Amino acid sequence: AVERSDEIQNIRLKLPVVSDEQKIMEAVHNNNIVVLKGETGSGKTTQVPQFLFESGYGSPDSPTPGMIGVTQPRRVAAVSMAKRVGDELGNHGKKVSYQIRFEGNVGPETAIKFMTDGVLLREVAEDIALHKYSAIIIDEAHERSVNTDILIGMLSRVVKLREELSLEDASIKPLKLIIMSATLDLADFRENKALFSIPPPLLQSEGRQHKVITHFARKTYHDYVDEAFRKVSRGHRKLPPGGFLVFLTGQNEINHLSKRLKEVFHSGHSSSGPKVRISGKDAPMEAEDIDFGDTIDDNYDYDDDDELDIHINDDDEFKMDGEEENSGPSKIHVLPLYSLLPTREQLRVFERPPDGSRLIVLATNVAETSLTIPGIRYVFDSGRSKERKYDQTTGVQSFEVGWISKASARQRAGRAGRTGEGHCYCLYSSAVYERDFAEHAKPEILRMPIEGVVLQLKAMNLQHVKNFPFPTSPDRHGLELSEKLLTYLAAISPTGQITPVGSTMSIFPLSPRYARILLVGHLHDCLPYTVALVAGLSAADVFIPENQVIPATIPKEEDDFATNADRIEDEARNNLRRKFNKVQKDFCFLDDKSDAIKLLQVVGEFAHDPTEEWCQLHFVRFKVLKEILQLRKQITDLLRTNITAFAGLKFQEKLDAPSPKQVKALKQMVAAGFIDHIAIRADLSPNPPELRRKPTRAIDVPYLTLFPSQIQHDEEGKAVYIHPSSPLAHISPQECPEYIVYSYLQRAAPRIGAEKLPKTRMHALTDIT
Ligand code: ADP
Ligand code: MG
């Protein structure tokens, strides 16, 4: 039996889900698939796995011995929820484990396994019957991540398969599937005939544990970071004890706000005001999700601030509900929370803040679901998030800050009511909420490239991917383009069947393009370099963009005199810029025209000195580089164990610099994965467009994509341009190569009221010669 402490027992008894235990377990007993909807904080994530455990799931000597698997869309959730459930299970706590990419503590004892949905997806690919499990809980289904969607589709089949197997062999038990969500768009799932022939029962746990009062702003400001600073500062002075959780859209905003808050509340003289300001310019700059390996630093085209003109009401006074002044702690303890932060750093928000200080967590979407950060009583919601947009037809990606959905807003507010009554202060008005917030977010599968998904499904012998029971079917045209790409890459035959090359490609945790590069990468003894290169390419951006390294200047009023302090600051900034530029240049010593070779150089140098210090000195991200190192090892293992020709392959962490011949070969191999992503210098093309004036900088030299990318928005035709972060940006226009291979096209979000659309830019990989 499970023995729990009184404290835990008391908390559990108050959770709505706990009073529904019998109802839930009966439904699970009588049905193989159950959908459970319960408001945030009702106890789904922490309690349902324990109900299953206590009725015998996951115990080796019970009729249902397989593990209980619980998926989470985010890593920090998988780790922290495993810990919490372990604590709640008292004497059985050691049986709760987690598994995220490259890290986990699963053992023979494990009965409850928390994991990211990507981990389970891999396991389904390896064993379509999921024999290791007796039950699977898909948590946070409303987030509609691609992985969650695919899992739901796959598992509807796995459940059927296990049913059939159990009829033939009594030692095999049916698999139980529980889909849990706070705000499920239920129609899509339950009524989807392709997914479930009979709609699974829907259970609802009503009532949230603690009340959360939402306060809308009277006025909506476009500079929400600045507004967040004002409200958080005021709130800290006025509100009684209780932690703050502030939702922003990205790392830059978080760092800026953190700095401003620390300056005001730590320095003692709060009147001096902050030194660094963020403007609209700095907003859309970096991506959150490392699993998709993307990054945003394309603010180059911005030259003036964009104004979202929403002014509902001129009265901007912020009411704190008659709370008394100065009743809270005076010091602050500010912690950032975003996904590029090392997991260890992310977990710091769960520790007790120092006595006498208020915990202020500045977070992105990472904190929107799942997490219970102890002591949070007040949520400040910017109402915005940064979202990836992807045009299936043109292949152009952009990252745009936009309004969240009403469902997300409720989730965010819910974070304030986890351990007591709470308040949510919105940085937007109720009118904006009603008018501009969609009911639910658009599923991710409609917002990203899907060739990887298509390859995985084909590798599981699903020839006609359009017949897969997607909760929401991807765009038809996008599916066709993915199949076309996979045909170029020789992963599928012209009739759509997976080829032997395609099956091999699907083994690697890489997008099909990188897998393809890997498989051509053994010429000239290049394999260890190819491995390092594709590992680097598939991770998030290792480079910290210049605008994050060098603090922004405060725009001066015209009659302001430069003070001595200003001059010192300028000097420091210039020093930093010089250092930054030198480091970038040094990374290019093997080749000055290739982003790919520059990346390979960083990955290689890091392996010789894999420390945080080295990363700091070189303006690169430690977390990302460490993951690349692990990925290199994993890819090498997979090559050795799956391809006979590489049976003797050993992992070599430290590599010597590649020879010029190898560099050349590597550049050609990169092209193998991107044969449809080649651009020609416009003036050298068969039909050169007319130029109004000669470009003076490499980043203004127009290129034309060889495959039509149907980009029609540029004045000078369909031209695309070199991204300013590329080494190519630093050569002279005359030296610009004839052909460039690019990884993807990106366009900064168009600005309201701006005359010209921003340029479409190539994230270049290499020139080809
Ligand atoms: P749901 O999944 O329905 O949103 P959870 O099961 O995650 O809810 O959490 C239910 C409740 O359990 C929370 O509201 C909180 O009171 C408590 N709880 C969960 N995790 C923790 C934690 N790490 N520390 C303290 N209390 C927690
Ligand atoms: Mg939950």
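Being a predicted model, the structure only gives us computed values, none of them experimental. FYI, the numbering just counts along the sequence from 1.
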Closest heavy-atom contact between Ala539 and Val624?
CB-CG1, 3.8 Å
Can Glu103 and Thr343 be counted as having a side-chain donor-acceptor contact under 3.5 angstrom?
no
Basic-acidic side-chain contact under 4.0 Å: Arg260, Glu263:
no
Determine the minimum heavy-atom distance between Arg162 and Pro174, stating which atoms define it.
NH2-O, 3.7 Å
Verify side chain to side chain contact (heavy atoms under 4.5 Å, CB included) between Ser166 and Lys173, making sure each step is shown before the conclusion.
CA-CA 5 Å; Ser166 74; Lys173 300 290 176 227; 5.9 Å; no
Please step through side chain to side chain contact (heavy atoms under 4.5 Å, CB included) for the pair Thr249 and Tyr224, ending with a clear verdict.
CA-CA 10 Å; Thr249 79; Tyr224 52 91; 3.6 Å; yes
Between the side chain of Lys176 and the main-chain N/O of Leu52, is any donor-acceptor distance below 3.5 Å?
no
Side chains of Ile112 and Ser97: does their closest heavy-atom pair fall under 4.5 Å?
no
Is Arg415 reaching over with its side chain to a backbone N or O of Leu371, donor-acceptor style, under 3.5 angstrom?
yes
Near-ring test His440/His142, centroid separation under 6.0 angstrom
no
Would you check if there is a donor-acceptor pair between the side chains of His256 and Lys259 at a distance under 3.5 Å?
no
Sequence neighbours left out, what pairs pass salt bridge (Lys or Arg N to Asp or Glu O under 4.0 Å) with at least one residue falling in residues 124-140?
Glu123-Lys132
Donor + acceptor pair across side chains of Arg412, Asn365 (<3.5 Å):
yes
With a 3.5 Å cut-off and no angle check, do the side chains of Thr472 and Asp149 form a donor-acceptor pair?
no
Output the distance between atom CZ (Phe244) and atom NZ (Lys231), rounded to the nearest 0.5 Å.
12.5 Å
For Tyr98 and Gln72, test the side chains for any donor-to-acceptor distance below 3.5 angstrom and give the result as yes or no.
no
Tell me, with the steps shown, if Lys37 and Leu203 meet side chain to side chain contact (heavy atoms under 4.5 Å, CB included).
CA-CA 6 Å; Lys37 176 186 180 291; Leu203 299 178; over 6 Å; no
Pair Arg418, Thr40 - check side chain to side chain donor-acceptor pair (under 3.5 Å), show working.
CA-CA 8 Å; Arg418 304 292 281 195; Thr40 172; 2.9 Å; yes
Does NZ in Lys442 sit with more than 12 non-hydrogen atoms of other residues, nucleotides or ligands closer than 6.0 Å?
no
For Gln99, all residues meeting side chain to side chain donor-acceptor pair (under 3.5 Å), sequence neighbours excluded
none
What heavy-atom pair brings Leu120 and Leu130 nearest, and what distance separates the two atoms?
CD1-CD2, 4.1 Å
With a 3.5 Å distance limit and no angle check, can you tell me whether Glu421 reaches the backbone of His210 through a side-chain donor-acceptor pair?
no
Going by atom types alone, do Lys113 and Tyr133 pair a side-chain donor with an acceptor below 3.5 Å?
yes
Would a distance-only check, ignoring hydrogens and angles, find a side-chain to backbone donor-acceptor pair under 3.5 Å from Ser62 to Gly58?
no
Does His236 use its side chain to pair, donor to acceptor, with the backbone of Ser330 at less than 3.5 Å?
yes
Look at the rings of Trp403 and Tyr428 and say which category their plane angle falls in: under 30° parallel, 30 to 60° tilted, over 60° perpendicular.
perpendicular
Just wondering, more than 12 heavy atoms not from Ile198 lying within 6.0 Å of its CD1?
no
Determine yes or no for a side-chain-to-main-chain donor-acceptor pair under 3.5 angstrom, with Asp381 supplying the side chain and Gly383 the backbone.
yes
Within this structure, what is the CG-NZ distance for the pair Leu165 and Lys160, rounded to the nearest 0.5 Å?
13.5 Å
Might you work through the side chain to side chain donor-acceptor pair (under 3.5 Å) test for Glu39 and Ser205, ending with a clear yes or no?
CA-CA 7 Å; Glu39 269 188 75; Ser205 258; over 6 Å; no
Would a 4.5 Å heavy-atom cut-off, applied to side chains only, mark Arg234 and Val232 as touching?
no
Could you state the interatomic distance from CD (Glu7) to CZ (Arg12), rounded to the nearest 0.5 Å?
13.5 Å
How about Ser145 and Asn147: does a side-chain donor come under 3.5 Å of a side-chain acceptor?
no
If we ignore angles and hydrogens, is there a donor and acceptor under 3.5 Å between the side chains of Ser134 and Thr64?
no
Taking atom types as modelled and ignoring hydrogens, do the side chains of Glu21 and Gln47 form a donor-acceptor contact shorter than 3.5 angstrom?
no
Might you point out which heavy atoms bring Leu625 and Cys615 nearest each other, and give the distance in Å?
CD1-SG, 3.9 Å
Can you confirm whether more than 12 heavy atoms, excluding those of Asp6, are under 6.0 Å from its CG atom?
no
When you measure from the centre of the six-membered ring of Tyr433, is the NZ or CZ of Lys406 closer than 6.0 Å and no more than 45° off the axis?
yes
Do we see a donor-acceptor contact under 3.5 Å between the side chains of Tyr338 and Gln346?
no
How about His333 and Arg358: does a side-chain donor come under 3.5 Å of a side-chain acceptor?
no
Side chain to side chain donor-acceptor pair (under 3.5 Å) filter on Asp61, not counting sequence neighbours, yields none
Polar side-chain atom of Ser80 near backbone of Val76 as donor-acceptor pair, under 3.5 Å
yes
Tell me if a side-chain donor or acceptor on Arg4 pairs with a main-chain N or O of Glu88 at a distance below 3.5 Å.
yes
May I ask you to check whether over 12 heavy atoms, not counting those of Glu109, lie within 6.0 Å of atom CD?
no
Please answer whether the main-chain N or O of Leu195 pairs with a side-chain N or O of Asn192 as donor and acceptor at a distance below 3.5 Å.
yes
Can the ring centroids of Phe380 and Phe247 be said to lie less than 6.0 angstrom from one another?
no
Here the gap from Leu89 atom CG to Phe53 atom CZ, rounded to the nearest 0.5 Å, amounts to 5.5 Å
Could you go through the side chain to side chain contact (heavy atoms under 4.5 Å, CB included) check for Tyr378 and Leu245 one step at a time?
CA-CA 6 Å; Tyr378 308 99; Leu245 173 60; over 6 Å; no
Between Thr148 and Arg144, is there a donor-acceptor pair closer than 3.5 Å when you use the side chain of the first and the backbone of the second?
no
Between Gln50 and Thr46: side-chain donor-acceptor atoms closer than 3.5 Å:
no
To the nearest 0.5 Å, what is the distance between CD (Glu387) and CD1 (Ile404)?
10.5 Å
Atom CG in Asp355, atom NZ in Lys331: separation rounded to 0.5 Å?
9.0 Å
